[in-house]
Amino acid sequence: MLLACKDQGEFIYIIPYLMKKLVLILPLFFISITGDAQGLKSFLPSGKYIGTAINDTYFDNPSANGADYENIVKADFNVVVAENAFKMSTILATKPSDPLNLKLSDLNLSKVDKLITFTQNNNIRLRGHNFVWYSYPPYWLNSEAAKWSEVQLYSFTKQYITLLAGYCKGKVKEWDVVNEAIDDDATTPAYRSITWYSKASSAQTFIDSCFYYAHAADPDAELFYNDYSIEISYFKKQDFMLAMVQDMVNRGVPINGVGLQCHFESGANTNDWVYNELRILMDKLAVMGLKCNITELDLRICGSGSSSVEQADEYKKITKIFLDKSNCTSMLLWGFTDKSSWIPSFFSNCDDGLIYDDAYQPKPAYTAIKDELESSNAVELPDNAAEANAGVYPNPSSQSFFLRSSADVKQITIFNLQGKEISVVENVKEGFGENLAEGFYMVKIQYFNGDISFQKIEKM
Ligand code: 9MR
């Protein structure tokens, strides 16, 4: 293969070629196999978490992955969630002898224990997904629940959440309490009615109760409502969700945030309009005092609809939103390697949605996220600072300045302190001021909406 594709088989050319290849390959080997200190998480500002879902093979067949899987998780991520291991379908996979008198010993906690140990040993935050989900219930639950009264439905749910949240108290820092409770009706969405819990006469009271049970069991855990197709306002589900969580906040239900799943199709769902929508939604939830985290991000490539380069740019833009918005504290991918992803089995003709390939090598998407994190790392944002701290910041690693703003900026003009114009920067997103001489300057920031602000900066 090498001979065929390189230098017509002339041996003398092969040695430098191989050496060049080794130089290229070795750093990748170190990044992916050894748990390199320069993994993604090392570029995060404080208070931010980047993470991944942990696939079933990690628990069921660890040898299939060798050491690569764990080493990558340790190097790159400071938050993880189990893709399936914390779901009721796993925890109550075996029918309890008396489901209405649940005991801790009825819960299958072996995978929970494994992930708790792994995260504690490696200083990784653990999020739990999920207590209540209409989909994929344990095989026995629908038929059993059909026999229950509403009171028994509440009793079972309370026991389950209390046992699991109590067992994980202090170890699981945040939970998806309720997952996907809103249906997909395009015009008039409602609470899902096809669920084992539809027996509750008020879906909202049932949802509230789940949050109260979880809060009582672990008052320090952050509690989330998690869903898909709520990311953009085009889907009426978003309106429903916003009204629902606003109402919960108003009534004092212990909800801390909303999880946006973000299962996007690269090249299809991710034009600028989507990014703006994400920012607007995060702001709306911030006004309610709620976090808005990205909980299951992937960008599947379907047929020839996109490329790894386009996908990388999309990952970069979403990472920037995560960094810009102070109420978006976590961005989790739904897995990190295309070797184990839900995508090909759920979407025909789609694959390759993650940031490492099948062979655990980082893809352009990995580098794009890393670059975005790296370029934003110069300034550590205090809590709730994203909007208040809009402005120009120095980026010491590149001797340039960057702009932090959720509003689009038309142009930046740089003046010296005598008021003489030094330069005009049109594409401020790329960073600017690299060639300025040391000293103080005044920058004029002109926004597309007509707003103007001034700021003094120092080039060191
Ligand atoms: O990726 C998960 C897949 O392996 C499971 O078979 C499936 C059913 O448990 O759930 C998938 O994860 C879903 C998540 O729990 C909720 N949001 C959508 C995810 C992808 O379907």
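Owing to the predicted nature of the structure, the values given are computational and were not obtained by experimental measurement. Indexing begins at 1, ligand by ligand and atom by atom, following the structure's order. Quick note: numbers below take in every heavy atom, side chains included, and nothing from hydrogens, waters or symmetry partners.
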Peer 1: Can you measure from NZ (Lys237) to CG (Asp184) and round to the nearest 0.5 angstrom?
Peer 2: 4.0 Å
Peer 1: Can you pull every nitrogen or oxygen pair between ligand 1 and the protein closer than 3.5 angstrom?
Peer 2:
| from | atom 1 | to | atom 2 | distance (Å) |
| --- | --- | --- | --- | --- |
| ligand 1 | 1 (O) | Glu83 | OE2 | 2.4 |
| ligand 1 | 1 (O) | Trp334 | NE1 | 2.9 |
| ligand 1 | 4 (O) | Glu83 | OE2 | 3.2 |
| ligand 1 | 4 (O) | Asn84 | ND2 | 3.0 |
| ligand 1 | 9 (O) | Asn84 | OD1 | 3.2 |
| ligand 1 | 9 (O) | Lys87 | NZ | 2.9 |
| ligand 1 | 10 (O) | Lys87 | NZ | 2.8 |
| ligand 1 | 12 (O) | Lys87 | NZ | 3.4 |
| ligand 1 | 12 (O) | Trp334 | NE1 | 3.3 |
| ligand 1 | 15 (O) | Lys87 | NZ | 2.7 |
| ligand 1 | 15 (O) | His129 | NE2 | 2.7 |
| ligand 1 | 17 (N) | Glu180 | OE2 | 3.1 |
| ligand 1 | 17 (N) | Gln261 | OE1 | 3.0 |
| ligand 1 | 17 (N) | Gln261 | NE2 | 3.3 |
| ligand 1 | 17 (N) | Glu296 | OE1 | 2.7 |
| ligand 1 | 17 (N) | Glu296 | OE2 | 3.4 |

Peer 1: Please, which pairs that meet side-chain hydrogen bond (donor to acceptor under 3.5 Å, both in side chains) have at least one residue in residues 339-351, sequence neighbours excluded?
Peer 2: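 side-chain hydrogen bond (donor to acceptor under 3.5 Å, both in side chains) check on residues 339-351 returns Asp298-Trp342.
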Peer 1: Who pairs with Cys168 by disulfide bond (SG atoms under 2.5 Å apart), at least two apart in sequence or on another chain?
Peer 2: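 So Cys168 forms no disulfide bond (SG atoms under 2.5 Å apart) with any residue.
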Peer 1: May I ask you to say whether Glu144 pairs ionically with Lys95, meaning some side-chain N is under 4.0 Å from a carboxylate O?
Peer 2: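 The answer is yes: the pair qualifies as a salt bridge.
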Peer 1: Please check if any side-chain donor atom of Tyr58 sits under 3.5 Å from a side-chain acceptor atom of Glu70, or the reverse.
Peer 2: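 Looking only at side-chain atoms, Glu70 and Tyr58 do form a donor-acceptor pair, the distance falling under 3.5 Å.
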Peer 1: Side-chain atoms of residues 129-138: list all donor-acceptor pairs with protein atoms under 3.5 Å, sequence neighbours left out, distances to 0.1 Å.
Peer 2:
| from | atom 1 | to | atom 2 | distance (Å) |
| --- | --- | --- | --- | --- |
| His129 | ND1 | Asp176 | OD2 | 2.8 |
| Trp133 | NE1 | Glu180 | OE1 | 2.7 |

